[in-house]
Enquirer: 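Next up is a structure, given as structure tokens.
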Protein chains: 2
Amino acid sequence: MSVPPNFANTDTGSGSRQRLTEANNPSSKVLRLPQDQPLRLACDQLLAPISIAYETYGELNADKSNAILVCHALTGDQYVASEHPVTKKPGWWSTLVGPGKPVDTNRYFVICSNILGGCMGSTGPASIDPATGKPYGLNFPVITIGDMVNAQVRLIDHFGIDQLFSVVGGSMGGMQVLEWAASHSERVFSAVPIATAPRHSSQNIAFHEVGRQAVMADPDWCGGDYHSHGKVPRNGLSVARMAAHITYLSEDALHHKFGRNLQNRSQLTFSFNADFQVESYLRHQGSTFVDRFDANSYLYITRAMDYFDLGASRGDVLANAFRGTKTRFCVVSFTSDWLYPTRESRAIVHALNAVAANVSFVEIDSDKGHDAFLLKEPEFFATIHGFLSSAGVKRGLKV
Amino acid sequence: MSVPPNFANTDTGSGSRQRLTEANNPSSKVLRLPQDQPLRLACDQLLAPISIAYETYGELNADKSNAILVCHALTGDQYVASEHPVTKKPGWWSTLVGPGKPVDTNRYFVICSNILGGCMGSTGPASIDPATGKPYGLNFPVITIGDMVNAQVRLIDHFGIDQLFSVVGGSMGGMQVLEWAASHSERVFSAVPIATAPRHSSQNIAFHEVGRQAVMADPDWCGGDYHSHGKVPRNGLSVARMAAHITYLSEDALHHKFGRNLQNRSQLTFSFNADFQVESYLRHQGSTFVDRFDANSYLYITRAMDYFDLGASRGDVLANAFRGTKTRFCVVSFTSDWLYPTRESRAIVHALNAVAANVSFVEIDSDKGHDAFLLKEPEFFATIHGFLSSAGVKRGLKV
């Protein structure tokens, strides 16, 4: 039996993977914060200069009251409703965000920025370290969700927006929403944390650690210095993505989508080929991810998620994060999401209730798992549309 | 920030890992089937010669009616109730099997053999291929659960046992129990499939595929020929084990055991060190596993589990596997097991009910996840003890 031809180790990919730093992602708008405007990070380091790559959709109204900040998830980016420059695919939330969509860009001014630590134009571990003139690699400081949000605050300041009409995001995007609402409450009129958690669970830390170890185990990672060596830890990052991808789906979704269906073959091959469709699907997810994502960014962003614990620095009482809030909340979970199950959303709602906050909570019935928040789920879309419309009336937005 | 010292890639381990083939595991009893007694495999190849390493506990009675075959899981071995020669730990089921234990070796003659494809003395990919004089590596044929059971049949023949009093096993061991009951019904008086499934789910195939890709992505795997190169794919196998280990525990178990507890430190280190106890635990699971297990065996055994589908070759009707059976069944599942959830056991029970088989079904309340079957669970132990005692009376065993 020979080594299977479609096995990840032998898949050299398109070779098209570029280091997408601010220098070579000219397609995005970029806010540049110079050396004398550093960001103080949670680890107490100062980071400068900083680039924040972003996209906007729709028009900011005269009193700057219609701005919605969309926060992206672990492997997302600023292309929420426009074509991705690498994959050429439609924006990752273009079903939800756009003209006439639930997040209606005819009505709202939508801002989405690549997170700090990302690899689509914002400053991250692939950016040039001014101290060395080389990519940061592991010299990039470990950042937090709070640091990401503080970078976004600079962007909102840049637009001269005092208060965002809404902050919306799913998964890690939802963590940013919660951080905004907790740390910058007065600047958030409404908040929509979706399929997320107030702190990262033990199991989720565990899955992230597997992914990081897979990346670090790849000799082409070169101790984080792969850029200087002209290498990319393709195999390690691919395995990390495969493991993570399973957690984005539900067992039911996998069962209905693939079951034990065989891949282009009428029977088992008695080999390590991708006999089952689910194997082929996962391999594809792994190898295509490597073409669009930076391995070190993956390490840093997963670490930021692991570190997220909104109550920890507030006397370990989650409700303290929201005390006195005037923000209107819409919390959304999905029944089959086992990565951020409904009980995590309930913990958020309980904390908000404990401080008598204005909160509605919707659990959407779906068998699509965590991924449901990225898919066309009519009840979910109706929820977002309804909440924003109603909040818009309260905010005095013209219909 | 430097590369963390306790990160798996830099962990060279004890270096004590030996290739545990029949030649260098002299501690075990071994049945040797010579070249002229080959095993015809499901893939239609003939395999010979074959070694089956095994341990026994207790005494076989005069009419050979008190024999219990215990079938081990993916990473188990024949040392069910005696010290493991590599780890020096007690037998993996020594809480359940032994004098006065639920599987009472004062009463029953317990046989446990290392599965075909394993690495503790039975023939597997690390064994010498007689055609080349070198380890099989990827030239070892892809085997099935049915092949493993057929090898066990030879061992039972060797003992001159016509009918086993019981076949007992959890997880992949449970698959072997089901295969025995389906394909060798007349030789099985009673059967105890625990925390198992009649076919491997899409999600479980997916997790296995991640593990295999992690092994194969390790350059030290050498296309499966690492023995010849004097290497061991430590990092890849370690990542595979880490990913799998998460699936053996429940989220509750992880939460109660580790939560977000920090590892020997009062606060976050803002690094990729194992800040969280759960990270440290997983890294330990990964690195110690590599010292006792062969990477290619891991590939072959996971593949055998993926291929397991008891109904597939029987008109896709699971009940056909048990039609006419006289075997007494005791099916056991655990509430928090999400790898082989209770609904899988129910599918077995429904199929047995459909052919009016003698079956009892117990779902044990436990928050320990899949691992519960290996732990001291009083209700589980009482179930096994009660079922075997009652079956013993029916079999006419002396109390």
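So that the names make sense, note that chain A is the first sequence line, chain B the second, and so on, each numbered from 1. Predicted model only: the values in this text are computed from it and were never measured.
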Enquirer: What part of B:Y281 gets closer than 4.5 Å to chain A, counting heavy atoms only: side chain, backbone, both or neither?
Expert: neither
Enquirer: Measuring only between side-chain heavy atoms, which start at C-beta, is B:R260 closer than 4.5 Å to A:I205?
Expert: yes
Enquirer: Answer with side chain, backbone, both or neither: which region of A:A240 has an atom nearer than 4.5 Å to a non-hydrogen atom of chain B?
Expert: neither
Enquirer: Do A:R283 and B:E209 come within less than 4.5 Å of each other through their side chains, counting heavy atoms only?
Expert: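 A:R283 vs B:E209: side chains touch.
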Enquirer: Based on non-hydrogen pairs under 4.5 Å, which of A:P141, A:S201, A:G211, A:A206 is most in contact with chain B?
Expert: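 Highest number of heavy-atom pairs under 4.5 Å: A:A206.
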Enquirer: State, to 0.1 Å, how close B:F258 and A:S202 come at their nearest heavy-atom pair, and which atoms those are.
Expert: CB-OG, 3.7 Å
Enquirer: Please classify the contact of B:H200 with chain A as side chain, backbone, both or neither, using a heavy-atom distance under 4.5 Å.
Expert: both
Enquirer: Looking at A:N261, A:I246, A:V278, which makes the most heavy-atom pairs under 4.5 Å with chain B?
Expert: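 Option with the top pair count is A:I246.
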Enquirer: Quick check for you: to the nearest 0.5 Å, what is the distance between B:F272 atom CZ and A:M216 atom CE?
Expert: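 Separation between the atoms: 5.5 Å.
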Enquirer: Would you list the pairs meeting salt bridge (charged side-chain N to carboxylate O under 4.0 Å, His left out) in which at least one residue belongs to residues 245-257 of chain B, sequence neighbours left out?
Expert: A:R343-B:E251
Enquirer: Contact part of A:L299 toward chain B, heavy-atom cut-off under 4.5 Å: side chain, backbone, both or neither?
Expert: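 Both parts, backbone and side chain.
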Enquirer: According to side-chain hydrogen bond (donor to acceptor under 3.5 Å, both in side chains), who are the partners of A:T144, at least two apart in sequence or on a separate chain?
Expert: A:D147
Enquirer: At a heavy-atom separation under 4.5 Å, does A:N204 approach chain B through its side chain, its backbone, both, or neither?
Expert: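 Answer is neither: A:N204 stays 4.5 Å or more from chain B.
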Enquirer: Please verify the inter-ring angle class for B:W338 with A:W338; under 30° counts as parallel, over 60° as perpendicular, anything in between as tilted.
Expert: tilted
Enquirer: Ignoring hydrogens, what is the shortest heavy-atom contact between A:A217 and B:V239? Give both atom names and the distance.
Expert: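 A:A217 and B:V239 have their closest heavy atoms at CB-CG2, 4.5 Å.
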Enquirer: Heavy-atom distance under 4.5 Å to chain A: side chain of B:D306, backbone, both or neither?
Expert: both
Enquirer: What I'd like to find out is whether the side chain of B:R303 reaches to under 4.5 Å of the side chain of A:D275, using heavy atoms alone.
Expert: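 They are in side-chain contact.
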Enquirer: Starting at CZ of A:F207, measure out to OG1 of B:T247 and round the result to the nearest 0.5 Å.
Expert: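 These two atoms lie 7.5 Å from each other.
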Enquirer: Given the options B:S250, B:G259, B:A253, which has more heavy-atom pairs under 4.5 Å with chain A than any of the others?
Expert: B:G259
